Amino acid sequence: MSQFDLDDFVAEAIAISKQDDAYTKIKQLMLATFTQADKVAAAIGDKYGKDVILYEDEKISIWHVYFDPTNVVPPHDHQTDVAIGIYQGTERNFIFQRTEESLTLETIQDMSPGDTLFLSPETIHAAGTATQEPVQGIHIYMAALTKISRSLFDWETGQPASFSEEVYEGLRRETAYLKRYTGT
Ligand SMILES: [Fe+2]
């Protein structure tokens with residue numbers, strides 16, 4: 001990859017989404033692309049500085065994602081396969097296991113520029129920034145993310161609720177809240 005072009009990347013991902021074994025090929029595309037995350041950063045830079053849906057149809061959703069360092073994305077699932085690549089900042093992912101009564105931290109995974117993370121449809125995660133630097137990356141979902149029925153989960157009880165702006169706002173936390181998991 002001599003140079004990263006976002007339009008070309010989106011077109012390639014859309015083409016792959018129509019093929020057999022699309023998710024495997026999307027993972028390969030993301031791995032190859034973010035191996036050279038500096039080129040992605042050079043091409044996108046501060047062009048967006050926010051979440052932008054670059055493309056969505058029934059087979060694939062492609063998002064530019066921006067995490068403000070002051071906020072935390074509450075626990076949620078996606079109900080589809082996910083591929084995440086980071087080109088700026090460090091994203092801290094909290095992966096949970098849910099039982100009848102609780103949400104238990106399984107692992108913490110930090111992603112720096114060049115890293116990719118792949119999540120299965122049922123995986124429950126929360127995310128924030130690990131430092132004061134904003135996080136920017138590209139997220140690919142193998143479905144129309146805005147149309148599928150997925151869940152948010154209570155931080156304490158693991159109680160699921162249908163994903164909505166209202167529920168999301170109710171579960172939103174400050175970064176300091178995550179110290180309960182990291183102890184720092
Ligand atoms: Fe997510």
Side-chain angles (χ1 to χ4, degrees), residues 10 13 17 22-23 26-27 29-31 33-34 37 40 48-98 103-131 133-156 158-175 177-178 181-182:
V10 169
S17 74
Y23 185 49
I26 285 292
K27 288 195 277 188
L29 174 67
M30 290 290 273
L31 283 166
T33 299
F34 282 89
V40 181
Y48 296 120
K50 61 178 181 177
D51 287 351
V52 177
I53 302 176
L54 301 169
Y55 182 83
E56 178 176 303
D57 69 12
E58 299 306 317
K59 291 189 179 296
I60 194 166
S61 303
I62 307 167
W63 286 54
H64 176 271
V65 170
Y66 175 91
F67 282 0
D68 184 296
T70 63
N71 279 315
V72 174
V73 180
H76 61 278
D77 65 12
H78 307 89
Q79 293 301 317
T80 188
D81 288 313
V82 184
I84 298 172
I86 298 299
Y87 70 85
Q88 185 194 347
T90 303
E91 175 177 320
R92 181 159 289 166
N93 276 276
F94 300 80
I95 314 278
F96 296 103
Q97 284 290 341
R98 190 167 78 92
L103 202 61
T104 308
L105 182 70
E106 182 179 85
T107 184
I108 294 175
Q109 198 157 347
D110 284 354
M111 298 173 66
S112 298
D115 290 340
T116 45
L117 177 67
F118 306 118
L119 302 174
S120 59
E122 299 78 25
T123 300
I124 299 171
H125 80 143
T129 68
T131 70
E133 186 180 10
V135 169
Q136 299 199 90
I138 294 174
H139 293 202
I140 292 183
Y141 311 92
M142 303 308 290
L145 190 70
T146 63
K147 295 187 184 143
I148 54 180
S149 176
R150 58 199 188 104
S151 297
L152 287 154
F153 299 87
D154 185 272
W155 291 92
E156 298 289 343
Q159 182 73 27
S162 289
F163 200 106
S164 70
E165 280 301 313
E166 190 182 4
V167 174
Y168 187 99
E169 286 304 317
L171 292 171
R172 195 193 272 271
R173 298 288 184 272
E174 296 297 316
T175 308
Y177 185 79
L178 296 173
Y181 300 117
T182 60

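When a ligand or atom number is given, it counts from 1 through the structure's own listing order. Since we're looking at a predicted model, the values are computed, not measured.
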Colleague: Strictly under 2.8 Å, is any N, O or S atom of His139 next to the Fe ion (ligand 1)?
Modeller: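 Not a single backbone or side-chain N, O or S atom of His139 is under 2.8 Å from the Fe ion (ligand 1).
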Colleague: Would you name the N/O/S atom of His125 that lies closest to the Fe ion (ligand 1)?
Modeller: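 Looking at His125, the N, O or S atom with the least distance to the Fe ion (ligand 1) is NE2.
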Colleague: Describe, in one word, how the ring planes of Trp155 and Tyr177 are oriented to each other, choosing from parallel (under 30°), tilted (30 to 60°) and perpendicular (over 60°).
Modeller: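 If you compare the ring of Trp155 with that of Tyr177, the planes turn out perpendicular.
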Colleague: Parallel under 30°, tilted from 30 to 60°, perpendicular over 60°: which one fits the rings of Phe94 and Tyr181?
Modeller: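 Judged by the thresholds at 30° and 60°, the geometry between Phe94 and Tyr181 is tilted.
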Colleague: Of all N, O or S atoms in His78, which has the smallest distance to the Fe ion (ligand 1)?
Modeller: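 In His78, the N, O or S atom with the shortest distance to the Fe ion (ligand 1) is NE2.
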Colleague: Can you label the angle between the His64 ring and the Tyr48 ring as parallel, tilted or perpendicular, going by 30° and 60°?
Modeller: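 Because their plane-to-plane angle lies in the 30° to 60° range, the rings of His64 and Tyr48 count as tilted.
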Colleague: Side chain to side chain donor-acceptor pair (under 3.5 Å) for Tyr55 and Asp57? Distances and angles first, verdict last.
Modeller: CA-CA 7 Å; Tyr55 182 83; Asp57 69 12; 2.8 Å; yes
